[in-house]
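Comments concern the structure below.
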There are 2 protein chains.
Amino acid sequence: FVIPAGRTVVRAETARAAEKINTIEFELDKPKVVTMDSVDAGGKKVYCRCWKSGTFPLCDGAHVKHNEATGDNVGPLIVSGPKKE
Amino acid sequence: FVIPAGRTVVRAETARAAEKINTIEFELDKPKVVTMDSVDAGGKKVYCRCWKSGTFPLCDGAHVKHNEATGDNVGPLIVSGPKKE
């Protein structure tokens, strides 16, 4: 099974690269980008889930441009802490 | 500017579709999938950021298979509530 150099390999690579989500290449040195964070009582944080934010792991609205360009419908995760007593 | 029917349109569509992240087509009826959730004092939740989880918005480890298939390095978001007093 001989893979002709050039186009086919490039296309396979481009197809594979196209499926990547972390296109801002955030923490590429890590095999897996796991974020640990906390939310205070009465607090709230808006987290990015499109991997395009300039303030990753927090959302900066970059999903709007991504959705327009791709027809996708991804959006952020909003996490609140417990109510303040 | 005439777009030849068939291949070109299909390729553009496939390229565009390939850039989508929400491939499990979660809540496709919504223009933007925004999740609101809360974490209790002493609590912790693991949220999906690869949009492949069967228990979305929570993580089920699906990012492992995605990363292996694409060479990506995405991983979950772990959010803790404030310490219990």
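In what follows, every chain begins at residue 1, and chains take the letters A, B, ... in the order their sequences are listed.
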Report yes or no: does A/Asn73 contribute a side-chain atom to a donor-acceptor pair with the main-chain N or O of B/Val33 at less than 3.5 Å?
no

Nearest heavy-atom neighbours spanning A/Ala41 and B/Pro82:
N-CG, 3.7 Å

dist B/Asp37:CG -> A/Ile78:CD1 (nearest 0.5 Å) comes out at 11.0 Å

Heavy-atom contact with chain B under 4.5 Å, split by part of A/Pro76
both

Residue A/Cys48 versus chain B: region with a heavy atom under 4.5 Å:
backbone

Using modelled atom types and a 3.5 Å cut-off, is there a donor and acceptor pairing between side-chain atoms of A/Trp51 and backbone atoms of B/Arg49?
yes

Side chains of A/His63 and B/Ile21 in contact at under 4.5 Å (non-hydrogen atoms):
no

A side-chain contact here means heavy atoms from C-beta on lying under 4.5 Å apart; do B/Val79 and A/Tyr47 qualify?
yes

Min side-chain heavy-atom separation A/Thr23-B/Glu19 under 4.5 Å:
no

Is B/Asp40 in contact with chain A via its backbone, its side chain, both, or neither, using a 4.5 Å heavy-atom distance?
backbone

If hydrophobic clusters are built from ILVMFWY residues whose side chains come within less than 4.5 Å, do B/Met36 and A/Val46 share one?
yes

Heavy-atom pairs under 4.5 Å with chain A - which of B/Val39, B/Val74, B/Leu28 has more of them than the others?
B/Val74

B/Lys44 NZ to A/Ser38 OG distance, which is reported to the nearest 0.5 Å
12.5 Å

